[in-house]
Amino acid sequence: VQLQASGGGLVQAGGSLRLSCAASGRTFGTYVMGWFRQAPGKEREFVATIRWNGGSISYADSVKGRFTISRDNAKNTVYLQMNGLEPEDTAVYYCAARRYLDSYYARDYDYWGQGTQVTVSS
């Protein structure tokens with residue numbers, strides 16, 4: 001399983017970015033896809049998850065109402081639309097995959113993308 005994240009960049013506070021995570025190598029009918037982020041000096045933290053077959057979407061409280069996770073099964077791609085970005089959202093964003101069950105814990109995910117940098121200036 002290979003995951004390729006893209007879409008990061010530099011944006012001013014209040015701006016928007018859309019991250020993409022393209023998956024290849026396996027069928028994803030039973031996979032949960034997650035987005036995590038890691039700021040310098042901090043642990044990797046949960047952002048959002050979505051199941052490939054039924055949605056079952058969850059968000060971290062810090063991003064609810066600002067971020068939207070979605071998927072395009074035909075393209076094996078998961079997106080993270082980030083609106084109302086704040087300097088506190090600055091981090092490397094990672095997509096990840098695991099089988100069957102939702103999880104908010106990075107340790108539960110088996111496959112990881114390489115990360116994409118998001119920097120929000122004030």
Participant: Under a 4.5 Å cut-off applied to non-hydrogen side-chain atoms, are S16 and M82 in contact?
Facilitator: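 Answer no - side chains too far apart.
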Participant: Less than 4.5 Å apart, side chain to side chain, heavy atoms only: is that true for D89 and F67?
Facilitator: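 Yes - at least one pair of side-chain heavy atoms lies under 4.5 Å apart.
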Participant: Using a 3.5 Å distance criterion without hydrogens, assess whether the side chain of R98 forms a donor-acceptor pair with backbone atoms of D108.
Facilitator: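 Side chain of R98 to backbone of D108: a pair is present.
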Participant: What heavy-atom pair brings L3 and A23 nearest, and what distance separates the two atoms?
Facilitator: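 The pair with the smallest heavy-atom distance is CD2-CB, 3.6 Å.
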Participant: Compute whether any side-chain donor of one residue and acceptor of the other, for S56 and D102, lie under 3.5 angstrom apart.
Facilitator: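 On atom types as modelled, these side chains qualify, holding a pair under 3.5 Å.
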Participant: Which heavy atom of C95 sits nearest to which heavy atom of A5, and what is that distance?
Facilitator: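 Heavy atoms only, the tightest pair is SG-CB, 4.0 Å.
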Participant: What is the minimum heavy-atom distance between V32 and Y100, and which atoms define it?
Facilitator: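 So the minimum-distance heavy-atom pair works out to CG2-O, 3.6 Å.
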Participant: Measuring only between side-chain heavy atoms, which start at C-beta, is T90 closer than 4.5 Å to V118?
Facilitator: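 Side chain of T90 against side chain of V118, heavy atoms only: no contact under 4.5 Å found.
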Participant: Taking C-beta and beyond as the side chain, do N83 and Q81 meet within less than 4.5 Å on heavy atoms?
Facilitator: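 Counting from C-beta outward, N83 and Q81 do come under 4.5 Å.
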Participant: Roughly how far, to the nearest 0.5 Å, is CG of L101 from CZ of R51?
Facilitator: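 Interatomic distance, R51 CZ to L101 CG, rounded to 0.5 Å: 6.5 Å.
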Participant: Heavy atoms, side chains only, cut-off 4.5 Å: are Y59 and T68 in contact?
Facilitator: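 With C-beta onward as the side chain, the pair touches.
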Participant: Would you compute the distance between atom OH of Y104 and atom OH of Y109 and round it to the nearest 0.5 angstrom?
Facilitator: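 These two atoms lie 9.0 Å from each other.
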Participant: Does the side chain of V78 reach to within under 4.5 Å of the side chain of I50, using non-hydrogen atoms?
Facilitator: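 Yes, close enough: below the 4.5 Å cut-off.
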Participant: Can you measure from CD (Q117) to OH (Y93) and round to the nearest 0.5 angstrom?
Facilitator: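 Answer rounded to 0.5 Å: 9.5 Å.
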Participant: Is there a path of hydrophobic side-chain contacts, each under 4.5 Å between heavy atoms, that joins W112 and Y79?
Facilitator: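 Different hydrophobic clusters.
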Participant: Is there side-chain contact between C21 and M33, with heavy atoms separated by less than 4.5 Å?
Facilitator: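 Result yes, sub-4.5 Å side-chain heavy-atom pair found.
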Participant: To check you understand the geometry: which heavy-atom pair defines the closest contact between A48 and L80, and what is its length?
Facilitator: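 Reported closest heavy-atom pair: CB-CD1, 4.3 Å.
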Participant: Indicate the atoms forming the closest heavy-atom contact of Y31 with A97, along with that distance.
Facilitator: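 So the minimum-distance heavy-atom pair works out to CD2-CB, 3.9 Å.
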Participant: Contact between Y94 and T116 at the side-chain level, heavy atoms closer than 4.5 Å - yes or no?
Facilitator: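 No; the side chains remain at least 4.5 Å from each other.
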Participant: Out of curiosity, I57 CD1 to R71 CZ, how far, rounded to the nearest 0.5 Å?
Facilitator: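 I57 atom CD1 to R71 atom CZ measures 7.0 Å (nearest 0.5 Å).
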Participant: Could you go through residues 39-47 and list every donor-acceptor pair under 3.5 Å that involves a side-chain atom there, pairing it with any protein atom two or more places apart or in another chain?
Facilitator:
from: R44; atom 1: NE; to: Q38; atom 2: OE1; distance (Å): 3.3
from: R44; atom 1: NH2; to: Q38; atom 2: OE1; distance (Å): 3.3
from: E45; atom 1: OE2; to: R37; atom 2: NE; distance (Å): 2.6
from: E45; atom 1: OE2; to: R37; atom 2: NH2; distance (Å): 3.1

Participant: Roughly how far, to the nearest 0.5 Å, is OG of S20 from CZ of R18?
Facilitator: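 Result: 5.0 Å between the selected atoms.
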